[in-house]
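Every chain is numbered from 1 and lettered A, B, ... according to where its sequence line falls, protein lines coming before strand lines.
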Amino acid sequence: MAKKLGAYTGKVIKINLTDKTIADYPFSEKQRELFLGGKIMASKIFYDNLFEKIDAYDENNMVVISTSPLNGMPAPSSSRFNISAVSPLTGLLTSSNCGGDFGINLKKAGYDAVIITGKAEEKTLLQITDEGVEFKNADSLWGLHTSEVQTKIGGRCGKLVIGPAGEKLVRYACIINEERAAGRGGLGAVFGSKNLKAVTASGKKGPEAYDKEKLQEFNKKWVKALKDHPLTGKQLPQLGTAGLLTAMQMKHMLATKNFAKGQYEDYEKLSGDYLAENFHRKDAKGKSCKSCPIQCARAVELNGKLIKGPEVEIIGLLGAGILNNDLEKIIRWNYEMDELGMDTISASGVISFAMELNEKGLWDSGLKFGETDNVLDAIIEMGERSTERGNELAEGVKRMSEKFGGKDFAPHSKGLELSAYEPRSAVGQGLGYAVANRGGCHLNAGYLVFAEGLGLSANPRTPKGKASLTTLFQNIMEAVSAGGNCLFTVYCFVPGFMIKKPNSFITRTVNKLAPYLGGVLYFAGKKPELLALNLSAMLPHAIACKHATGSKLNMGKFIRIGERGYNMERIVNIRLGLKAEDDTLPKRLTHELQDASDKKSFVPLEFMKKRYYLMRGWGKDGVPPKKLIKKLKLDTTV
Amino acid sequence: MVKVKFFGVLRLETKIASVEVEAKTVKKAYEAVEADLKAKGIENAPTAKDLKDYITFVNGINIYKLKRQATKLKAGDEIVLMSPVSGG
């Protein structure tokens, strides 16, 4: 071994639940440098092992739980670890990122990643410690809600658990760690299909940073920069993600009535301000992620109990999305979904879609827009698959549309329900939803909605430059995730004065030029040698990873790591059956105008998609060519 | 009267959700809001100069798509003041 990287344990193991065997999985130092950690490390494991279509519930489906180099290191918002598997919703590779304490504890147990395969004969709790792995009977935990099961397990360890939804194979069941979720893609159902109720991890000491002093010094500066920035130092701590809702309304991006419109007249009762004024308990701490100076999570009180409050996605989808202005009900529904262990975004999309199916006479579920008395019942039924209605809802929007009709207004991409952003007023976000490896996820999409109106004001309805910006944003976010930081730390990329002075000449000029800057930025991304520098104000993540691991990282190399991740996931998805025509959106968004008086108020997807494939270096069929695979060194084995 | 609604950090820091002012242009509305907040004794109330740095909508349209601060107002109009936001 040429050198020893810091921040890694150096060990990956494969656990087979069927025969209860444990084996070392080779993952070299070179691979760690090229694929960093988290979701990209997981993608590499799938890339090297999955060559043909497999059902999510096949016992050979792997669950890869992977940590990142910055987990447990002195770096802000750096507890985020990853879980990947073939998704029961999309049939493609899904990954979900979580801010609980499990990743830090897994590293303390001595592992960078754990691959779980097979199917346990009995209900199982997998206990991973620095002394080894034990398979425990979980009969007494089966059926418990996510908070109950964590309490019952007890002890000082990281706990990954599923609720009844995962046990019952609800296709969008999630995995919970503390009060944080690995939410998207149905990972909880994959756990359930393996009879796996929970995984715990604990140990005495995690790995050391390569250069601890430099990392600590850099951490101080980085935390200060986050606290001084108007978004991460003020808006997110004071309002949480719910602070987005008013801006979404004003910019016509608030998905209303199952994505039929972009504005909801009663939005004020759903706003972040309303949540802060009426429900948020500022004296309550501990709801946010570990090691985070931003503290965006809301603590709210429900029936005398302090719980984690709702994020903007569920507020939008179960507020404007179903024409409901009762935020208190959303808080309750959000809590129930977390307890049952369901992804709040997908579950909400399912409900709004069911309401439109009912309105159009396609399926009478009893759910109606503007009527909320039976929504809680429906949530419990779907989480437990306890009724015929619940059983249908548990299948997700795509399968419901295949059975009952309504494909043109079924809010999903590749089978994953869309988040609360209406893309006809943010067409770059629409492109991202369509091409994202995970499916209709706002973050995996590249989150262009920030540049198209929420943080900046780049023209939201022009397709110009959106393909290159989407590519760049996706690559950066992919790498940041793999490093272990929260994506919110990327907001420092935008100089504070542009947020403080959105009307200034400079800010307005940047906004106007943004669609044209995309090409320049993309070119820089394609030629990483041009970005062989480290600007802490722009991308501090690369510097932190460098100090943590000892790898000679710079901004260009860091973005290239993100590009590797995005391409590997794409290739795995192609092996799982993905075609270019799957990069799509419901016709409502691509063929119906959001605003009858504005002929540009739709997502010009085909135009942007062609450019996106070009920017990615893919063929017209959306397939990464061999020369790109070679250039990105995706086949690196040692 | 023109209704001026505050959102985001501005609202949390002033603890004011909205004020009603007499004003014929957006510029005059900023000045009237400053005077109103001062009269209410709001601590660290923003001045008219500060308010110009907020994203401003008149009846749902950004003033940079209208006549900026010279945008004319009439009774019953609604102004929204907010800052750029983030999340995800």
Choice from [options] maximising heavy atom contacts with chain B below 4.5 Å:
| options | result |
| --- | --- |
| A:Leu443, A:Leu454, A:Thr241 | A:Leu454 |
| A:His252, A:Gln249, A:Arg508, A:Met498 | A:Arg508 |
| A:Leu239, A:Val312, A:Thr507, A:Val449 | A:Leu239 |

Between [X] and chain B, with a heavy-atom cut-off of 4.5 Å, which part of the residue counts as in contact: side chain, backbone, both or neither?
| X | result |
| --- | --- |
| A:Lys500 | backbone |
| A:Glu313 | side chain |
| A:Ile499 | both |

Rounded distance (nearest 0.5 Å) linking atom CG of B:Asn62 with atom CE of A:Met250: 9.0 Å

List in chain and number order the residues that pass side-chain hydrogen bond (donor to acceptor under 3.5 Å, both in side chains) with A:Glu422, two or more places apart in sequence or in another chain; answer none if no residue qualifies. A:Arg424, A:Gln594

Chain A-proximal positions within [range] [heavy-atom distance under 4.5 Å]:
| range | result |
| --- | --- |
| residues 42-54 of chain B | B:Lys52, B:Asp53, B:Tyr54 |
| residues 21-36 of chain B | none |
| residues 73-88 of chain B | B:Val80, B:Met82, B:Pro84, B:Val85, B:Ser86, B:Gly87, B:Gly88 |

Member of A:Gln235, A:Gln238, A:Lys234 meeting the side chain to side chain contact (heavy atoms under 4.5 Å, CB included) criterion with B:Leu12: A:Gln238

Check this for me, if you would: do B:Lys5 and A:Glu268 make a salt bridge, where the nitrogen-to-carboxylate-oxygen distance has to be below 4.0 angstrom? yes

Take B:Lys15 and A:Glu277, measure what side-chain contact (heavy atoms from CB on, under 4.5 Å) needs, and give me the verdict at the end. CA-CA 9 Å; B:Lys15 295 187 172 59; A:Glu277 288 162 352; over 6 Å; no

What part of B:Phe7 gets closer than 4.5 Å to chain A, counting heavy atoms only: side chain, backbone, both or neither? both

